[in-house]
Amino acid sequence: MQKTQDNSTVHSGGQECRHRIIASDHLWDLAVAEVQAKESAEDDAAETERSVFFIGNKNGGKTSIILRCIDRDEAPKPTLALEYTFGRKAKGHNTPKDIAHFWELGGGTSLLDLIQIPITSENIRTFSMVLVLDLSKPNELWPTMDSLLQVTRKRVDKIVADIGKSNSKAANQIMQNMWRNIPNNHPDRELIDPFPLPLLIIGSKYDIFQDFESEKRKIICKTLRFVSHYFGASLLFTGKAESHKSVLRSYINHLAFGQDRSKLVSVDHNKPLVIPAGSDSLSQIGTPPASDNDLRQVNARTPMELWKKTYERVFSPENKHDSKDLKDPAKDSQYAERDVDAMRAVKDQELEQYKRNADKSWKSMTLGLHVR
């Protein structure tokens, strides 16, 4: 203690102690903040990898979309079965580049067995799907979408189930992530069934689609809005216009590199649709495009089935070739090679001759056994 001129006392030691404690606490907060900032910077600088799988109509424009998003100025080539490429983007100056793995399934719905190859337990947490639907072929739209999404979902469900056997917490987290684009207070949360992976549905060839009759455009738009909303997916239409390409690019880069996507929203069927996941609603979409009398005649057990049958009343699925032929790329005209095909024809004839000779041999052996 110290005395002043009026003999009062001041507890200077206590004040100094308190000052030291306050200073110490302040330094500790600064140290914690500095460590957290450093860790955050290291996380930002760390290289990340994501995978994006493109599926959809044959000749629907999947390759063109991928090339555009990874800045490759080259003419697209027909996709043979399953193809892979990758792209890199840096988050900032002097930082490692993020890597995006791009997979593309060719052949439309003819090579469904190949869907299981890119989707694995190792990459499923950073995996996204892009379904490209050719708007110029509305009769193929529903069967293409239905087949591809069903097989993909079956593959994902199997992987999640396998993960759950050894790590139930990780499997539950994957399932919870399905809902991250749907607000907790969304009125349709109990009525939809989000796809197990982030899903973007692209309607390609808008330049042709925009010349369709207004009523047909409206049916296609409403149907795709319902499907996208039901699966918790984003939906956008794209064509040759630069404005379409920039929006599309932002959505792909969002999936591939985690970049911000366009904030544009458009639900007018007279314009290209741009609807982020979770922003639409059943009340805004409305009922299936049919009269009340027609809807009453549709025998459907689920909303998805009701929309399907309503859609196919207008755009009935086209008859396909024999599925065996579709599953054989050697019989696909886009992979034609004159010399190879000629040799293949010779070998096919030789194989048929061998089968006939073998069949005769077996028959003669069988007759010989009966004679004995």
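Note that this is a predicted model, so its numbers are computed, not measured.
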Quick one: is the NZ or CZ of K89 closer than 6.0 Å to the six-membered ring centre of F257, and within 45° of its axis? yes
Are F226 and P303 close enough that some pair of their side-chain heavy atoms sits under 4.5 Å apart? yes
Heavy atoms of Q284 and S279 approach each other most closely as OE1-O, 3.8 Å
I'd like to know if the side chain of R125 reaches the main chain of I174, judged simply by a donor and an acceptor atom lying under 3.5 Å from each other, with no hydrogens or angles considered. no
Heavy-atom distance under 4.5 Å between the side chains of L133 and I201, does that happen here? yes
Sidechain-backbone polar pair: D98 side chain, T48 backbone, donor-acceptor under 3.5 Å: yes
Partners passing ring-ring contact (aromatic ring centres under 6.0 Å, His included) against H186 (at least two apart in sequence or in another chain): H229
R189: what forms a salt bridge (charged side-chain N to carboxylate O under 4.0 Å, His left out) with it, not counting sequence neighbours? none
Do I66 and E104 have side chains that approach each other closer than 4.5 Å (heavy atoms only, starting at C-beta)? yes
Do side-chain atoms of S228 reach the backbone of R225 as a donor and acceptor pair under 3.5 angstrom? no
Would you check, one step at a time, whether the test ring-ring contact (aromatic ring centres under 6.0 Å, His included) holds for F209 with F237? CA-CA 10 Å; F209 171 78; F237 288 178; 5.6 Å; yes
Side chain R249, main chain R68, donor-acceptor under 3.5 Å: yes
Under 3.5 Å side-chain donor-acceptor pair for S250 and N253: no
Going by the angle between their ring planes, with limits at 30° and 60°, are F195 and F231 parallel, tilted or perpendicular? perpendicular
For D134, which of K58, K62, K205 qualifies under salt bridge (Lys or Arg N to Asp or Glu O under 4.0 Å)? K205
Hey, mind stepping through I275 and L236 against side chain to side chain contact (heavy atoms under 4.5 Å, CB included) and telling me if it holds? CA-CA 6 Å; I275 308 175; L236 66 89; over 6 Å; no
Could you tell me whether a side-chain N or O of R217 sits under 3.5 Å from a main-chain N or O of F212, the two making a donor and an acceptor? yes
Stepwise side chain to side chain contact (heavy atoms under 4.5 Å, CB included) check, L67 with F102: CA-CA 10 Å; L67 293 174; F102 293 100; over 6 Å; no
Using the salt bridge (Lys or Arg N to Asp or Glu O under 4.0 Å) rule, take D162 and K165 through it: C-alpha gap first, then chi angles, then the decisive distance, then the call. CA-CA 5 Å; D162 290 342; K165 293 175 183 177; 3.6 Å; yes
Please lay out, stage by stage, how F53 and W103 fare under the test ring-ring contact (aromatic ring centres under 6.0 Å, His included). CA-CA 5 Å; F53 191 9; W103 295 87; 7.2 Å; no
May I have the step-by-step check of side-chain hydrogen bond (donor to acceptor under 3.5 Å, both in side chains) for T109 and T144, ending in yes or no? CA-CA 6 Å; T109 59; T144 298; 5.5 Å; no
Checking L197, L255, I252 against S128 for side chain to side chain contact (heavy atoms under 4.5 Å, CB included), the one that qualifies is L255
Can you list the other members of the hydrophobic cluster that holds L295, where links are side-chain heavy atoms under 4.5 angstrom apart? V298, L306
For side-chain hydrogen bond (donor to acceptor under 3.5 Å, both in side chains), just list the numbers for D146 and Q150, CA-CA rounded to whole Å, side-chain angles, deciding distance to a tenth of an Å, and then say yes or no. CA-CA 6 Å; D146 194 32; Q150 276 194 35; 3.1 Å; yes
Below 30° counts as parallel, above 60° as perpendicular, anything between as tilted: where do the rings of Y206 and H244 land? perpendicular
Within the 4.5 Å heavy-atom criterion, are L148 and L105 side-chain neighbours or not? yes
Side-chain donor-acceptor contact under 3.5 Å, T85 with R72: yes
From CA spacing to verdict: side-chain hydrogen bond (donor to acceptor under 3.5 Å, both in side chains), N123, T126: CA-CA 6 Å; N123 65 18; T126 55; over 6 Å; no
Indicate yes or no: at least one non-hydrogen side-chain atom of L273 is less than 4.5 angstrom from one of C221. yes
